[in-house]
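Every heavy atom of this structure was used, including side-chain atoms; hydrogens, water molecules and symmetry mates were not.
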Amino acid sequence: MARVVEVGDAADPRLDDFRDLARADRRPDRPGGRGLVLAEGTVVVRRLLASPYPPRALLGVARRVDDLTPDLAGVDVPAYVTDADTMAHVVGFHLNRGVLASADRAPVPDLARLLDGARRVAVLEGVNDHENLGSLFRNAAALGVDAVIVGPGCADPLYRRSVRVSMGHVLRVPFATADLGAAVAALRAAGFVLGALTPGGDPAALAGLAERERVALLLGAEGPGLSDEALELVDVRVRIPMSGDVDSLNVATAAAVAFHATAGALVAGGPR
């Protein structure tokens with residue numbers, strides 16, 4: 001059971017995992033920082049506690065920590081309880097969700113292990129907006145994507161905002177980082193068909209991918225989209241049919257449509 005510890009001093013060094021989250025040069029979840037994973041709110045904290053990421057501590061008001069009592073039964077970490085004002089002084093802003101958890105990062109699988117048994121994979125290039133990245137991982141968890149390869153120019157999926165926007169699902173979808181060459185080589189060795197989402201693609205090709213046994217979808221950043229290098233590496237270029245003069249969607253929205261269109265029967269059984 002987690003050890004509940006009441007804390008009344010915002011300067012208590014035991015709370016350092018959660019300190020100054022509003023300051024870009026101090027945040028413990030930023031690349032080059034301490035590399036911690038931070039979860040906000042009871043729903044996301046629950047998903048962190050059920051994930052492969054080793055928890056370190058919790059900080060919250062009493063009501064929110066109490067809500068998590070069943071989830072903390074087998075977790076040997078401190079749960080620091082304080083009032084909302086003290087918590088705001090620690091964090092650097094008022095946290096409406098009332099509870100935070102910190103965790104260490106889990107080991108990143110190599111590409112061969114990431115792809116073992118996977119049937120649907122997303123490959124990202126240049127997706128550098130944390131909210132888009134979090135939304136994309138949430139969509140991947142919901143729509144039958146087994147793994148994500150985070151390619152060049154992407155933001156950190158474990159940044160606090162990405163974790164929050166994903167509703168914690170970034171903690172359950174396996175991912176690894178790789179350059180495009182290594183990713184494509186591993187995908188081809190595993191028998192994947194590679195499709196690229198691009199406004200210049202074939203609108204009829206997306207549905208055909210649902211019939212393929214193993215599919216990898218490449219998605220690029222908003223604005224520039226996929227690089228010429230990425231487009232040259234794929235088997236087929238696809239686009240989502242749209243009406244009017246709209247030629248593209250937000251990358252997370254486009255990913256959701258493409259994931260669903262290519263899932264086949266993978267999501268027919270309901271929530272995963």
Could you tell me whether a side-chain N or O of [X] sits under 3.5 Å from a main-chain N or O of [Y], the two making a donor and an acceptor?
{"X": "E222", "Y": "N250", "value": "no"}
{"X": "E125", "Y": "L180", "value": "no"}
{"X": "S135", "Y": "N132", "value": "no"}
{"X": "S166", "Y": "H169", "value": "yes"}
{"X": "S162", "Y": "H130", "value": "yes"}
{"X": "R214", "Y": "A118", "value": "yes"}
{"X": "N139", "Y": "A252", "value": "yes"}
{"X": "D116", "Y": "A112", "value": "no"}
{"X": "D146", "Y": "V121", "value": "no"}

Could you tell me which non-hydrogen atom of [X] sits nearest to which non-hydrogen atom of [Y], and how far apart they are?
{"X": "T82", "Y": "V7", "value": "OG1-O, 2.8 Å"}
{"X": "V150", "Y": "A155", "value": "CG1-O, 4.2 Å"}
{"X": "L143", "Y": "A256", "value": "CD1-O, 3.4 Å"}
{"X": "P55", "Y": "L48", "value": "CB-CD2, 4.3 Å"}
{"X": "L226", "Y": "A196", "value": "CD1-CB, 3.6 Å"}
{"X": "F175", "Y": "V108", "value": "O-CG1, 3.7 Å"}

Does atom CZ of R188 have more than 12 heavy-atom neighbours, drawn from other residues, nucleotides or ligands, at distances under 6.0 Å?
->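 Result for CZ/R188: enclosed.
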
R212, CZ: over 12 other non-hydrogen atoms inside 6.0 angstrom =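 Open: at most 12 neighbouring heavy atoms sit under 6.0 Å from CZ of R212.
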
Quick check for you: to the nearest 0.5 Å, what is the distance between [X] atom [atom1] and [Y] atom [atom2]?
{"X": "R14", "Y": "D9", "atom1": "CZ", "atom2": "CG", "value": "9.5 Å"}
{"X": "R120", "Y": "T262", "atom1": "CZ", "atom2": "OG1", "value": "5.5 Å"}
{"X": "E131", "Y": "R164", "atom1": "CD", "atom2": "CZ", "value": "6.5 Å"}
{"X": "I240", "Y": "L249", "atom1": "CD1", "atom2": "CG", "value": "5.0 Å"}
{"X": "L136", "Y": "F259", "atom1": "CG", "atom2": "CZ", "value": "4.5 Å"}
{"X": "L217", "Y": "L206", "atom1": "CG", "atom2": "CG", "value": "7.0 Å"}

If hydrophobic clusters are built by linking Ile, Leu, Val, Met, Phe, Trp and Tyr wherever their side-chain heavy atoms come under 4.5 Å apart, do [X] and [Y] end up in the same one?
{"X": "L194", "Y": "L115", "value": "yes"}
{"X": "L231", "Y": "V193", "value": "no"}
{"X": "L133", "Y": "L218", "value": "no"}
{"X": "L197", "Y": "F137", "value": "yes"}
{"X": "V251", "Y": "V173", "value": "yes"}

Show the numbers, then the answer: is there a side chain to side chain contact (heavy atoms under 4.5 Å, CB included) between V45 and L100?
-> CA-CA 7 Å; V45 169; L100 288 161; 6.0 Å; no

Decide, yes or no, whether a salt bridge links [X] with [Y] under the criterion of side-chain N to carboxylate O below 4.0 Å.
{"X": "E232", "Y": "R237", "result": "yes"}
{"X": "D156", "Y": "R105", "result": "yes"}
{"X": "D104", "Y": "R56", "result": "yes"}

Could you point out which residue of R47, R46, R160 forms a salt bridge (charged side-chain N to carboxylate O under 4.0 Å, His left out) with E40?
->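 Among the candidates, only R160 passes.
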
Assess the pair Y80 and F18: is the distance between their ring centroids shorter than 6.0 Å?
->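 Here the rings of F18 and Y80 have centres that are no less than 6.0 Å from each other.
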
List the steps, then state whether side chain to side chain contact (heavy atoms under 4.5 Å, CB included) holds for Y159 with V170.
-> CA-CA 10 Å; Y159 178 70; V170 70; over 6 Å; no

Step by step, work out the side chain to side chain contact (heavy atoms under 4.5 Å, CB included) result for R3 and D76.
-> CA-CA 7 Å; R3 305 180 304 279; D76 185 18; 2.6 Å; yes

Using side-chain contact (heavy atoms from CB on, under 4.5 Å) as the criterion, point out the one residue from V184, D179, L187, L124 that pairs with I149.
->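 So, applying the side-chain contact (heavy atoms from CB on, under 4.5 Å) to I149 and each of V184, D179, L187, L124, only L187 qualifies.
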
Decide yes or no for L72 and L49: does some side-chain heavy atom of the first lie under 4.5 Å from some side-chain heavy atom of the second?
->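 SC-SC contact between L72 and L49 confirmed.
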
Are R64 and R97 close enough, and set up right, to give a side chain to side chain contact (heavy atoms under 4.5 Å, CB included), and what steps lead you there?
-> CA-CA 8 Å; R64 295 306 182 197; R97 295 167 185 85; over 6 Å; no

